[in-house]
Amino acid sequence: MARKSHIHSKIFVLDTNVLMHDPSSLFHFDEHDIFLPMITLEELDNNKKGMTEVARNARQASRFLDEIVTGAQTAMEDGFPLSINDRKCSGRLFLQTKQMNGELPAGMPTSKADNQIISVVMHLQQQYSKREVILVSKDINMRIKARALGYAAEDYFNDKVLEDTDLLYTGLKALPQDFWEYHGKGMESWQEAGHTFYRIKGPLCAGLLINEFVYFEYDKPFHAIVRELNGNTAVLETIKDFTHLKNSVWGITARNREQNFALNLLMNPEVDFITLLGQAGTGKTLLTLASALTQTLDLKLYSEIIMTRVTVPVGEDIGFLPGTEEEKMAPWMGALEDNLDVLNKTDENAGDWGRAATQDLIRSRVKIKSLNFMRGRTFLNKFLIIDEAQNLTPKQMKTLVTRAGPGTKVVCLGNIAQIDTPYLTEGSSGLTYVVDRFKGWEHSGHVTLLRGERSRLADYAAEVL
């Protein structure tokens, strides 16, 4: 392993959870070498059965390893080059071929897989004292144990979209008080289909994105959306005021600025992909369902509404619950039921019979699906709502969003502060990933909702608890 040219490269010892989280991690260590302990291969083997995301990743990792090992013409002790199939990594892969026993402290059982991997790190560091040996694991406790024993340990960062989620695109920008002084000179304005457009020039334009909302809250409040960008020139379009009763959506009006922005995206048939972020009670599900019902039942833009969410608490499978797919998903759909109750009460004049009829009509158009059966499907003219999207990995998110056929609108809702999936963080969540990748595309939009609108009790509880 001590190749002369790579004396300064590091040796990364990979824990199994890294490969099961991202099988392509094998090719993300550039010029550094990777060492896989035998226990890692054993654990990959133990996790390969089933239809879960973890099992799929374990199988893919094994396929990559087979590809690396089979194609190599080198001896086992010299390592296998990782630069197969034009991949830009010059390091090598080493597999454990003999027993490696680092001296573990007395209290650490050697039978435990984590401790066996730490013992391999200890052995390698003694053997290659001139090179840095680093344990890479998604398991926090394992990293703490390794560091406590004086060895380097890191999380696997390559899947992180952002280091700091405070930098995540919010979809809205406050304009400074002197905005019109610098951007109002030579401004053009015109009207088209009931909307007013402004073509402005100035230094701020370069930092804007298509479909980003801008607001000016001083002497003359101004709310608009960015429609076109060309260097230092931007075209802004005034937005529809959904806070006014005459523009209510299924009886719902926007209660704050961000909700108004969100409804402008949700009600725009030209926007195919929407992400709404916000803590509990900001109105994500209610606004989305209200706009979905209006566009499906009244405007007939979509044939039906499909709602899905990640069933994390029970693991991957819903098979143990009785009933059809819809009935199995019912326990997770309490949020949908609560919001449908609110929407059903918006029509004061309907009476009990009218409300019951509306409820039946809604039920026939709202379908609840499990994420587990989404592969290979194509949705045509559907309004697809993905709730609790922060619990999806980037790969699962790609699987879902690519289901959309012609005429389908996809809305992802979530709160990245509430992640329940193991090994997912705010920076590596599929929701963070799509918000970052889709920003600036003319057929997508994003809004981070800031204010809770549930009740004074909920607002106070969110603040003090």
Side-chain angles (χ1 to χ4, degrees), residues 192-195 211 225 227 237 239-254 259-276 283-309 325-326 329 333 335-369 374 377-387 400-413 441-445 447:
E192 203 176 293
H195 288 262
N211 285 355
I225 186 168
R227 282 291 176 225
E237 178 191 343
I239 60 172
K240 194 168 178 178
D241 182 14
F242 284 102
T243 58
H244 201 285
L245 255 178
K246 71 173 180 358
N247 292 329
S248 69
V249 178
W250 203 265
I252 298 288
T253 53
Q259 285 195 357
N260 191 22
F261 291 161
L263 280 172
N264 270 279
L265 288 176
L266 290 162
M267 294 301 289
N268 184 348
E270 286 302 304
V271 179
D272 303 332
F273 183 72
I274 297 166
T275 43
L276 297 182
K284 305 181 294 290
T285 315
L286 187 67
L287 297 175
T288 306
L289 271 173
S291 60
L293 290 169
T294 299
Q295 292 173 87
T296 305
L297 297 173
D298 294 352
L299 306 175
K300 310 249 183 311
L301 291 175
Y302 306 101
S303 58
E304 65 180 3
I305 301 161
I306 292 176
M307 181 122 182
T308 182
R309 72 189 301 188
E325 183 187 354
E326 295 257 324
M329 285 300 290
M333 285 300 166
L336 170 64
E337 296 294 327
D338 299 343
N339 283 289
L340 285 179
D341 285 349
V342 174
L343 293 168
N344 228 353
K345 291 189 176 75
T346 51
D347 189 357
E348 297 292 329
N349 309 319
D352 289 346
W353 281 98
R355 270 205 286 273
T358 311
Q359 204 158 356
D360 287 347
L361 180 61
I362 290 172
R363 291 275 181 279
S364 70
R365 287 301 174 90
V366 180
K367 294 279 184 290
I368 298 161
K369 298 286 176 209
M374 286 293 186
R377 295 202 60 178
T378 304
F379 295 119
L380 302 172
N381 288 85
K382 305 279 195 281
F383 195 110
L384 176 61
I385 304 168
I386 304 168
D387 202 4
L400 271 178
V401 178
T402 51
R403 300 299 101 225
T408 288
K409 192 185 198 89
V410 180
V411 183
C412 292
L413 313 174
W441 184 47
E442 59 182 315
H443 298 294
S444 78
V447 175

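- Contact annotation: the side chain of Asn264 never approaches that of Ile225 to less than 4.5 Å [non-hydrogen atoms, C-beta and beyond].
- The structure places CG of Asn268 at 10.0 Å from NE2 of His443, a figure rounded to the nearest 0.5 Å.
- Looking only at distances, no side-chain donor or acceptor of Thr253 sits under 3.5 Å from a matching main-chain atom of Phe242.
- Put simply, the residue from Glu442, Glu270, Glu237 that forms a salt bridge (charged side-chain N to carboxylate O under 4.0 Å, His left out) with Arg227 is Glu237.
- Under the 4.5 Å side-chain criterion, counting only non-hydrogen atoms from C-beta, Met307 is in contact with Thr285.
- Atom CD1 of Ile385 and atom OG1 of Thr308 lie 10.5 Å apart (nearest 0.5 Å).
- One finds the CG atom of Leu413 at 9.5 Å from the CD1 atom of Ile274 (value rounded to the nearest 0.5 Å).
- Under the 4.5 Å side-chain criterion, counting only non-hydrogen atoms from C-beta, Trp250 is not in contact with Leu289.
- Considering every non-hydrogen atom in both Asn260 and Ile239, the closest pair reads ND2-CD1, 3.9 Å.
- Rounding to the nearest 0.5 Å gives a distance of 7.0 Å between CG of Leu400 and CG of Leu384.
- Smallest separation of non-hydrogen atoms from His195 and Lys240: CE1-N, 4.5 Å.
- In this structure, CG on Leu293 lies 4.0 Å from CD1 on Ile305, to the nearest 0.5 angstrom.
- Between Leu266 and Leu276, some side-chain heavy-atom pair lies under the 4.5 Å cut-off.
- Residues Leu265 and Gly445 come closest through the heavy atom pair CD1-C, 3.6 Å.
- With rounding to the nearest 0.5 angstrom, the CD1 atom of Ile252 is 9.0 Å from the CG atom of Leu263.
- Between Met267 and Ser291, the shortest heavy-atom contact is SD-CB, 3.4 Å.
- Nearest approach of Thr296 to Phe383, heavy atoms of both residues: OG1-CB, 4.5 Å.
- Closest approach of Lys382 and Ser303 over heavy atoms only: NZ-OG, 3.6 Å.
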